[in-house]
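Have a look at the structure below, then the notes.
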Amino acid sequence: MNNVSQEGLLDWAGPILHGALTTLEIAVLAYAIGLVLGLIGASARLSPWAPLRGLATAYSTAVRAVPELLLIILLYYAGSQALTTLTNALGLPGQVAINGFVTAVGVLAFVQGAYMTEVLRGAILAIPRGQLEAADAFGFSAWTRFHRIVIPAMLPNALPGMSNLWLILIKDTALISVIGFSELFFTIQQAAASTRAHFLFYAAAGVIYLAMTLSSTALFTRLERRVRRGQPLREEA
């Protein structure tokens, strides 16, 4: 590594670290909101009420069919334009711009919710029917049955899929760079362009994303072992 590359890396170390932290903030918030949306969507998909099932099915199917990049651009540009038109029609002058951070969290959470709906629905369907019938026989309320029976029985089956969605989400945060928001990948692009040390900075980005995903995989592995305590060990493929 030459002196120019060393100096460039040192100069951009602070912004890159800030971008990495921003990436994690976006991912954590989007994942948490997506998990809530997924629980609501899965409950709706399993609802005995047909219109509710249809609405949840349409949500998960439509969102999973549209690229995240398109949704980001639509919300950031078309959404800002629509809000400006609405406020102007109400007699409020000026333009309304949707914040890049809000766009990132909102779109990624919306997409995560659609995928999480299917993961959680499958995990709930995998719960032995007898456990749910026993809860009904003991007179459990819907909420008590949900947090005492459904969640503990669902987690072992849901965690592998939830882990995959988290890893995909970390990588999808790079899509936010198209709207110029300073998360990790956008900061790396700026650093590479200003120093012309493209290989150095893009390799650094790869190492940072790899560190995030490997640490996340280790965390989910420990969590899965914890929720599977007392269950027969599965043979590794």
Side-chain angles (χ1 to χ4, degrees), residues 1-35 37 63 66-81 83-84 94-116 162-223:
M1 183 186 302
N2 57 42
N3 291 333
V4 175
S5 297
Q6 290 178 339
E7 292 175 2
L9 184 58
L10 291 175
D11 290 340
W12 281 93
I16 288 173
L17 177 59
H18 182 267
L21 293 176
T22 302
T23 290
L24 288 176
E25 289 176 3
I26 292 171
V28 169
L29 285 174
Y31 192 79
I33 297 171
L35 180 58
L37 292 176
V63 172
V66 178
E68 290 93 330
L69 183 59
L70 177 59
L71 292 174
I72 291 169
I73 294 174
L74 278 175
L75 178 60
Y76 188 70
Y77 294 106
S80 297
Q81 185 177 5
L83 286 176
T84 299
Q95 291 189 342
V96 179
I98 299 178
N99 181 272
F101 186 85
V102 173
T103 301
V105 173
V107 171
L108 294 179
F110 195 61
V111 173
Q112 278 287 301
Y115 285 98
M116 196 73 75
M162 292 171 65
S163 173
N164 286 335
L165 290 181
W166 167 254
L167 297 180
I168 292 170
L169 176 59
I170 290 178
K171 293 180 289 184
D172 281 351
T173 57
L175 297 174
I176 306 302
S177 62
V178 298
I179 60 174
F181 186 71
S182 296
E183 43 71 57
L184 175 58
F185 191 72
F186 181 78
T187 305
I188 289 291
Q189 287 179 313
Q190 296 294 100
S194 66
T195 63
R196 298 188 181 276
H198 295 87
F199 177 79
L200 172 64
F201 284 101
Y202 284 118
V207 170
I208 294 172
Y209 281 117
L210 183 62
M212 289 180 181
T213 55
L214 289 179
S215 58
S216 299
T217 299
L219 180 61
F220 271 99
T221 299
R222 289 177 62 88
L223 185 57

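Heads up: numbering here begins at 1 and tracks the sequence.
- Of all non-hydrogen atoms in S177 and A174, the two that sit nearest each other are OG-O, 2.8 Å.
- For the atom pair L169 CG and T213 OG1, the distance stands at 12.5 Å (nearest 0.5 Å).
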Would you mind writing out the side-chain donor-acceptor pairs for residues 181-190 within the sub-3.5 Å range, not counting sequence neighbours?
from	atom 1	to	atom 2	distance (Å)
E183	OE1	F185	N	2.9
E183	OE2	F185	N	3.4
E183	OE2	F186	N	2.7
T187	OG1	E183	O	2.8

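- Applying the ring-ring contact (aromatic ring centres under 6.0 Å, His included) criterion to Y115, with sequence neighbours excluded, gives no partner residue.
- Qualifying side chain to side chain contact (heavy atoms under 4.5 Å, CB included) partners for S216, counting only residues two or more places apart in sequence or in other chains: W166, L167, I170.
- Note that CG of N164 is 9.5 Å distant from CZ of F220, once rounded to the nearest 0.5 Å.
- Residues that satisfy the side chain to side chain contact (heavy atoms under 4.5 Å, CB included) test with H198, not counting sequence neighbours, are A192, R196, Y202.
- Taking every heavy atom of both residues into account, M162 and Y31 meet most closely at O-OH, 3.0 Å.
- Shown here are the side chain to side chain contact (heavy atoms under 4.5 Å, CB included) partners of S194, two or more places apart in sequence or in another chain: W12.
- Of the inter-residue distances, the one linking L175 atom CG with E68 atom CD reads 6.5 Å to the nearest 0.5 angstrom.
- Here the side chains of L200 and T195 are not in contact, with every heavy-atom distance at 4.5 Å or above.
- Note that the CG atom of L70 and the CG atom of L75 stand 11.0 Å from one another [nearest 0.5 Å].
- With values rounded to the nearest 0.5 angstrom, I176 atom CD1 is found 9.0 Å from L69 atom CG.
- Between L165 and M116 the shortest side-chain heavy-atom distance falls below 4.5 Å.
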Carefully, step by step, assess V107 and Y76 under the rule side-chain contact (heavy atoms from CB on, under 4.5 Å).
CA-CA 10 Å; V107 171; Y76 188 70; over 6 Å; no
Could you give the side-chain donor-acceptor pairs of residues 96-106 under 3.5 Å, partners two or more places apart or in another chain?
from	atom 1	to	atom 2	distance (Å)
N99	OD1	F101	N	2.7
N99	OD1	V102	N	3.3
T103	OG1	N99	O	3.0

